[in-house]
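Presented below is the structure to which this report refers.
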Amino acid sequence: MAAYRLWWTTRFLLRLTFKETSLSRGVWCELFKAVRGHASMSAPWAAHGGLISHYDSLVCSGSLQEDDQQRAALLQLEQLNKVMTDYTNIPILLPQPKDCLHRQPTPELKNNTSKVNLCSPEEKMSNEKEGRDVDNIQKESPKPHPPHGYYIHGDVGTGKTMLMDLFYSFVENRRKRRVHFNAFMLDVHRRIHKLKQSLPKRRIGKMTMYDPIFPVAMEIAEETCLLCFDEFQVVDIADAVILKQLFEGLFKCGVVVVATSNRPPEELYKNGLQRTAFVPFIGVLKEHCHTVSLDTGIDYRTREMEAAGKLYYISSEPDAENAVNTLFEELAYRQNDVTRPRVLNMQGREVTMSRTCGTIADCTFQELCERPLGAGDYLEIARQFDTVIIRNVPHFRVGMKDQARRFTTLIDNFYDQKVRVVILADAPLHRLLDQGPMTGGEARDRLMIDELGLTDEASERLTLFTADEEVFAFQRTISRLTEMQTEQYWKSGDRSRT
């Protein structure tokens with residue numbers, strides 16, 4: 001305890017000295033290391049350090065910049081980290097037997113459930129016994145109440161993903177999972193489809209209602225007690241309509257959630273179709289997760305970092321295409337393969353990549369973003385290739401919603417999987433999105449709004465006529481592409497070392 005007091009007292013004096021005097025960062029760092037070394041000899045918990053001490057070491061080394069909001073968020077995550085060390089949600093104990101959880105009446109039949117056969121008589125007898133067993137287990141071994149998770153939101157490049165990954169790396173609990181939110185929802189839909197396929201066919205004369213969402217939540221909860229989501233973003237109505245029930249199930253089963261997002265909870269699925277059905281999920285999320293805002297106004301991805309060489313080419317530049325061709329040949333030369341087309345099997349479909357060599361793919365924007373591909377397809381491409389060349393990237397206009405959405409999803413998946421990209425585009429990176437005058441199609445949409453007599457407020461709520469979500473997400477894309485051109489990112493994506 002004395003060492004603990006010495007550590008914090010000395011650290012406070014050092015920080016005060018650092019602010020009030022002209023001590024250089026190097027001097028402060030050396031003092032910090034000395035104090036941390038003394039604490040590690042006296043306090044067992046400091047032998048491997050903690051989140052805050054590791055963050056301080058990254059600041060000292062120059063890898064990170066000091067940020068008070070990041071530090072405040074880490075202090076909260078460190079408390080959760082301590083709880084998660086010994087936390088478990090196993091066994092999953094629920095107030096009702098799980099055999100019948102997937103059989104619920106429709107809203108129309110809730111007031112007349114006597115006519116609905118949710119469980120057979122044999123199942124009811126078995127469940128009554130199971131219910132008594134569950135009560136006995138609960139009395140004998142009461143489980144701790146699940147801790148609250150965290151929902152961290154803020155502008156692009158403020159360090160949300162870095163903080164979550166730092167927290168995740170320090171959690172000493174094997175039943176944890178870190179996943180991009182798009183990939184998680186794809187997995188959920190696969191599980192739902194698989195469960196539906198395994199259900200018995202409906203028998204004549206019996207109205208048995210099958211709801212697979214809660215059993216899927218239980219299945220996930222049996223595998224993990226901590227879910228860390230990167231880029232919590234809802235743009236698909238198929239996701240929006242099941243999120244409330246899915247996450248209610250996860251939380252009831254004791255799963256703790258830590259998520260990052262560019263949106264505060266209240267703005268999730270903004271302007272989305274049938275959003276009124278989605279809004280109750282926001283309340284569920286806020287009930288089980290503390291909200292943390294990182295609003296520094298600084299995009300740390302745009303800070304000065306050593307570039308990995310020229311990786312972003314503009315098609316109007318002299319010999320730009322020849323330079324990209326040469327780069328592909330240099331990368332392909334290191335592969336134990338020949339340049340050839342390649343067919344990828346994705347969820348029962350075949351997607352042809354016209355030019356590949358080993359783990360290198362040379363693609364056009366049309367191949368990747370003008371075909372009906374989605375997050376699952378891009379995730380599979382990211383698994384197969386560590387370097388992707390993307391040619392003919394256009395100067396995006398607001399009216400190019402589908403292409404912009406696919407490009408954003410593509411870069412999100414590539415960034416999450418550390419895929420290295422080389423781009424040949426029609427415009428500089430910072431001007432890749434043009435928010436200029438309306439196109440002919442947008443003008444027709446505006447004319448339709450006028451003819452229907454819709455007010456500006458009403459028209460803004462229609463996803464058909466707005467591109468706010470795409471513009472907002474595209475800012476993240478620009479920020480990530482900036483970081484993906486750095487030497488640090490390029491080295492992290494080198495799979496030849498793994």
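Below, each value reflects all heavy atoms present in this structure, side chains not excepted, and no hydrogens, waters or symmetry copies.
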Go through the steps for D377 and R349 under the test side chain to side chain contact (heavy atoms under 4.5 Å, CB included), then give the verdict. CA-CA 10 Å; D377 304 309; R349 298 181 297 106; 2.5 Å; yes
Walk me through it: do D362 and R342 pass the test salt bridge (charged side-chain N to carboxylate O under 4.0 Å, His left out)? CA-CA 11 Å; D362 188 0; R342 191 160 158 190; over 6 Å; no
Output yes when a side-chain donor or acceptor of R371 lies under 3.5 Å from a complementary backbone atom of E367, and no otherwise. yes
Got a donor-acceptor contact below 3.5 angstrom from the R175 side chain to the E222 backbone? yes
What heavy-atom pair brings L311 and V421 nearest, and what distance separates the two atoms? CB-O, 4.0 Å
Should the pair F281 and F232 be assigned to parallel (<30°), tilted (30 to 60°) or perpendicular (>60°) ring geometry? parallel
Is there a donor-acceptor contact under 3.5 Å linking the side chains of Y415 and E483? yes
Going by the rule side-chain contact (heavy atoms from CB on, under 4.5 Å), which residues pair with N262 if we only count those two or more places apart in sequence or in a different chain? V156, K160, E231, F472, R476
Looking at every non-hydrogen atom in both residues, tell me the closest pair between C253 and N89 and how far apart they are. O-ND2, 3.0 Å
Side-chain ion pair, K418 and D386, N-O less than 4.0 Å: no
Could you check whether atom CG of N345 has more than 12 heavy atoms from other residues, nucleotides or ligands sitting under 6.0 Å from it? yes
Please determine whether a side-chain nitrogen of the Lys or Arg among E78 and K82 lies less than 4.0 Å from a carboxylate oxygen of the Asp or Glu. no
Hydrogens and angles aside, do Q70 and Y55 bring a side-chain donor and acceptor to less than 3.5 Å of each other? yes
Specify the closest pair of heavy atoms between P147 and Y87, including all atoms of both residues, with the distance to one decimal. CD-CE1, 3.8 Å
Taking Q384 for its side chain and T359 for its backbone only, find out whether a donor-acceptor pair lies under 3.5 Å. no
Determine, stepwise, if the pair L294 / L163 fulfils side chain to side chain contact (heavy atoms under 4.5 Å, CB included). CA-CA 11 Å; L294 291 183; L163 294 181; 3.7 Å; yes
Taking atom types as modelled and ignoring hydrogens, do the side chains of D426 and S315 form a donor-acceptor contact shorter than 3.5 angstrom? yes
So with a 6.0 Å cut-off around CD of E266, is the heavy-atom count from everything else above 12? yes
Where does the angle between the aromatic ring planes of F170 and H54 fall among parallel (under 30°), tilted (30 to 60°) and perpendicular (over 60°)? tilted
Show the nearest heavy-atom pair for residues L432 and A427, with the distance to one decimal. CD1-O, 3.9 Å
Indicate yes or no: does R178 engage D416 in a salt bridge with an N to O separation below 4.0 Å. yes
For the residue pair R340 and D337, establish whether any side-chain heavy-atom pair is separated by less than 4.5 Å. yes
More than 12 heavy atoms of other residues, nucleotides or ligands under 6.0 Å from CZ of R174: is that the case? no
Should I360 and Q335 count as side-chain neighbours, where that means a heavy-atom distance under 4.5 Å? yes
Verify the neighbour count for atom NE2 of H290: are there more than 12 heavy atoms of other residues, nucleotides or ligands below 6.0 Å? yes
Do V422 and R391 pass the side chain to side chain contact (heavy atoms under 4.5 Å, CB included) test, and can you show the C-alpha distance, the side-chain angles, and the key distance before you say yes or no? CA-CA 8 Å; V422 178; R391 301 172 185 260; over 6 Å; no
Could you list the residues that satisfy side-chain contact (heavy atoms from CB on, under 4.5 Å) with I213, not counting sequence neighbours? I192, D211, I242, Q245, L246
Who pairs with R383 by salt bridge (charged side-chain N to carboxylate O under 4.0 Å, His left out), at least two apart in sequence or on another chain? E380
Can you find a pair of side-chain heavy atoms, one from F278 and one from I237, that are under 4.5 Å apart? no
Let's go through F396 and F365 carefully: what are the C-alpha distance in whole Å and the side-chain angles of both, what is the deciding distance for ring pair (Phe, Tyr, Trp, His ring centres under 6.0 Å) to 0.1 Å, and is it a yes or a no? CA-CA 12 Å; F396 289 92; F365 179 83; 5.5 Å; yes
Test side chain to side chain contact (heavy atoms under 4.5 Å, CB included) on I390 and L410; report intermediate values, then the result. CA-CA 11 Å; I390 311 174; L410 172 75; 3.9 Å; yes
Taking the side chain as every heavy atom from C-beta outward, state whether C357 and T339 have any atom pair closer than 4.5 Å. yes
In terms of side-chain geometry, is the basic nitrogen of R406 or E370 positioned less than 4.0 Å from the acidic oxygen of its partner? no
Between Y151 and S261, do the side chains contain a donor N or O and an acceptor N or O under 3.5 Å apart? yes
State whether a side-chain donor-acceptor pair under 3.5 Å links H153 with D295. no
NZ or CZ of K310 within 45° of Y312 ring axis and under 6.0 Å: no
So, T387 and R420: side-chain donor and acceptor under 3.5 Å apart, yes or no? yes
For N322, does the CG atom sit with more than 12 other heavy atoms under 6.0 Å from it, leaving out its own atoms? yes
Rounded to the nearest 0.5 Å, how far apart are OG1 of T161 and CG of D230? 3.5 Å
If you compare all heavy atoms of D299 against all heavy atoms of S479, which two are closest, and at what distance to 0.1 Å? OD2-OG, 2.9 Å
Between the side chains of R191 and D187, is the shortest nitrogen-to-carboxylate-oxygen separation below 4.0 Å, so that they form an ion pair? yes
Using a strict 4.0 Å threshold on nitrogen-to-oxygen distance, state whether R71 and D68 make a salt bridge. no
Ignoring hydrogens and angles, tell me if any N or O in the side chain of N173 forms a donor-acceptor pair with the backbone of M84 under 3.5 Å. yes
Looking at side-chain heavy atoms only, is the closest gap between L344 and I381 below 4.5 Å? yes
Give a yes or no answer on whether the side chain of T224 reaches the backbone of A221 with a donor-acceptor pair at less than 3.5 Å. no
Which heavy atom in Y168 sits nearest to a heavy atom in C228, and how many Å separate them? CD1-SG, 3.7 Å
Between H288 and K252 (side chain of the first, backbone of the second, donor and acceptor by atom type, cut-off under 3.5 Å), is there such a pair? no
Less than 4.5 Å apart, side chain to side chain, heavy atoms only: is that true for F407 and T477? yes
Main-chain N/O of G154 paired with T158 side-chain donor or acceptor, under 3.5 Å: no
Beyond-backbone contact of Y150 with T291, side-chain heavy atoms, under 4.5 angstrom: no
E321 atom CD, over 12 foreign heavy atoms within 6.0 Å: no
